[in-house]
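All remarks here apply to the structure that follows.
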Amino acid sequence: MKINFLDLNSQYLSIRDEIGTAIQAVLDSSAFASGPFVEEFETAFASFCDCEYAIGVGSGTEAIWLSLAALGVGPGDEVITVPNTFIATVEAISMCGAEPVFVDIDEITYNMDVHKIEGAITRKTKAIVPVHLFGHPVDMDPVMEIASAYDLPVVEDACQAHGATYKKHPAGSIGTVGCFSFYPGKNLGAYGDAGAVVTNNPAIANTIKSLRDHGQSKKYYHDTIGWNARMDGLQGAILNVKLRHLAGWNLNRRANAQHYNKRLQGLKNITTPHEANYATHVYHVYVIRAPSRDLLIQGLSEMNIYCGIHYPVPIHLQAAYRFLGLKPGSFPVAEKYAKEIISLPMFAELTEPQIELVVKGIETVLT
Ligand SMILES: *Cc1c(COP(=O)(O)O)cnc(C)c1O
């Protein structure tokens, strides 16, 4: 039996008829760019996130970029984030012409080390971007306290954390804005690229609405220079269907994670993921650490079990960000973990026998 890292097809098959009907409705109404299906999704997703507003955009990258732009981040500014994230978090900062300033991560949660934020703040700091990595929320209370003390906006990168909670508050609803990606492999995935920003601030919501549509307040009347960052009608309709299943899919992911935890906890040299007592983890990826990471991945792939690495190279060591001049050793925890992490197969439809095979595979390679 082959076990893929991700299986989008099994999920599609479980909702095939609903999706077919939703797509047909878009085709019948020609509402292809923005329009009623996107608006219906925005209303439903805002409510799912306990927020007043949701603004559909073309991707998670655009959600973060337009959020920072709407907050006035520009050339000469600094934005604080982490080096162990998908590059989009940092690209969005660069797209504004600002400079990313990294802080190292916490050894237990793999998220931003909140004790390091204050030391990274300068007179140029314009925003803080915590990343709810792997589906586990950042410890947001200290982040919000520091942000408030220094009068800085907080842009939550919740692109991996749809439905995760921090002290019962949905990820994305705590900062100034929350940014989501609906890339197909995310917990809530479109059938193409899409993203959204959620917020309770009406002025920011309006600015992002304008920026995503060429800065126009009225058709062909442009107040500012914006971009084409709209969500497609087809993606809105598909996301409307899938949002109804998200809570159930997240519960399945949590059950799968518990099963992995139970079976892996006894294994020497394997560190299973932690769920802080303030958190509901939604396991966008299930990440373990093993010192012999590359051997383990190789051994599993020979048994037809496919894993991932999120992410093999911290952003400050990527070729694209060499110009920042940050040397190896700058962020020791992020750098150490990048060499040890493995993402095991994880999706809502993963079965217990499949998990059992993955665990047996790991045991075989390790002994
Ligand atoms: C997926 C992701 C993004 C970018 O989203 P896209 O929709 O692919 O543009 C940003 N940040 C994180 C942490 C992500 O996982």
Side-chain angles (χ1 to χ4, degrees), residues 5-6 8 38 41 45 54-69 79-96 100 102-103 105 109-112 127-138 140 154-164 171-172 175 177-198 208 211-212 227-232 234-236 238-239 242 250 253 281-287 308-316 318 320-321 334 337-338 341 343 346-347:
F5 172 64
L6 193 65
L8 295 181
V38 172
F41 173 68
F45 193 65
I55 305 104
V57 293
S59 69
T61 311
E62 287 176 343
I64 306 167
W65 168 40
L66 296 186
S67 294
L68 292 169
V79 176
I80 295 173
T81 191
V82 285
N84 70 329
T85 179
F86 181 55
I87 194 165
T89 317
V90 189
E91 283 175 319
I93 297 168
S94 301
M95 284 293 283
C96 293
F102 299 109
V103 295
I105 55 166
T109 64
Y110 306 10
N111 276 331
M112 179 176 270
I128 306 172
V129 184
V131 182
H132 306 306
L133 199 69
F134 307 149
H136 187 288
V138 174
M140 287 301 289
V154 173
V155 174
E156 292 178 66
D157 181 340
C159 288
Q160 302 189 356
H162 322 66
V177 300
C179 300
F180 290 88
S181 163
F182 308 117
Y183 179 76
K186 300 289 161 92
N187 287 31
L188 178 60
Y191 291 157
D193 280 302
V197 181
V198 298
I208 293 170
L211 287 176
R212 77 168 167 185
W227 195 253
N228 172 2
R230 295 180 298 254
M231 183 188 281
D232 287 346
L234 281 168
Q235 303 309 342
I238 288 160
L239 288 166
K242 294 186 79 179
N250 279 343
R253 284 175 182 269
H281 196 329
V282 290
Y283 297 97
H284 171 57
V285 276
Y286 181 90
V287 177
I309 303 175
H310 298 91
Y311 297 88
V313 182
I315 306 301
H316 66 288
Q318 294 280 358
Y321 281 99
Y337 284 11
I341 46 176
S343 307
M346 172 55 85
F347 44 93

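By convention here, the first residue in the shown sequence is residue 1. None of the values given here were measured: they were computed from a predicted structure. Ligands are counted one by one from 1 in listed order, and the atoms in each one are counted from 1 as well.
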side-chain contact (heavy atoms from CB on, under 4.5 Å) evaluation trace for Y183 with F86: CA-CA 13 Å; Y183 179 76; F86 181 55; over 6 Å; no

All side chain to side chain donor-acceptor pair (under 3.5 Å) counterparts of H132, not counting sequence neighbours: E156

Pairing residues for T85 by the side chain to side chain donor-acceptor pair (under 3.5 Å) criterion, not counting sequence neighbours: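 Once residues adjacent in sequence are excluded, the partners of T85 under the side chain to side chain donor-acceptor pair (under 3.5 Å) criterion are T89.
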
Sequence-distant partners of R230, salt bridge (charged side-chain N to carboxylate O under 4.0 Å, His left out), two or more places apart: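 So R230 forms a salt bridge (charged side-chain N to carboxylate O under 4.0 Å, His left out) with D213.
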
Mutual orientation of the aromatic rings belonging to F180 and H162 [parallel < 30°, tilted 30-60°, perpendicular > 60°]: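 Ring orientation, 0 to 90° scale: tilted.
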
Intermediate values then yes/no, side-chain contact (heavy atoms from CB on, under 4.5 Å), V90 and Y321: CA-CA 9 Å; V90 189; Y321 281 99; 3.6 Å; yes

Dump all N/O pairs between ligand 1 and the protein below 3.5 Å as a table: atom names plus distance, one pair per row.
from: ligand 1; atom 1: 5 (O); to: S181; atom 2: OG; distance (Å): 3.2
from: ligand 1; atom 1: 7 (O); to: G60; atom 2: N; distance (Å): 2.8
from: ligand 1; atom 1: 7 (O); to: S181; atom 2: OG; distance (Å): 2.6
from: ligand 1; atom 1: 9 (O); to: G60; atom 2: N; distance (Å): 3.3
from: ligand 1; atom 1: 9 (O); to: T61; atom 2: N; distance (Å): 2.8
from: ligand 1; atom 1: 9 (O); to: T61; atom 2: OG1; distance (Å): 2.4
from: ligand 1; atom 1: 11 (N); to: D157; atom 2: OD1; distance (Å): 3.4
from: ligand 1; atom 1: 11 (N); to: D157; atom 2: OD2; distance (Å): 2.8
from: ligand 1; atom 1: 15 (O); to: Q160; atom 2: NE2; distance (Å): 2.8
from: ligand 1; atom 1: 15 (O); to: K186; atom 2: NZ; distance (Å): 3.0

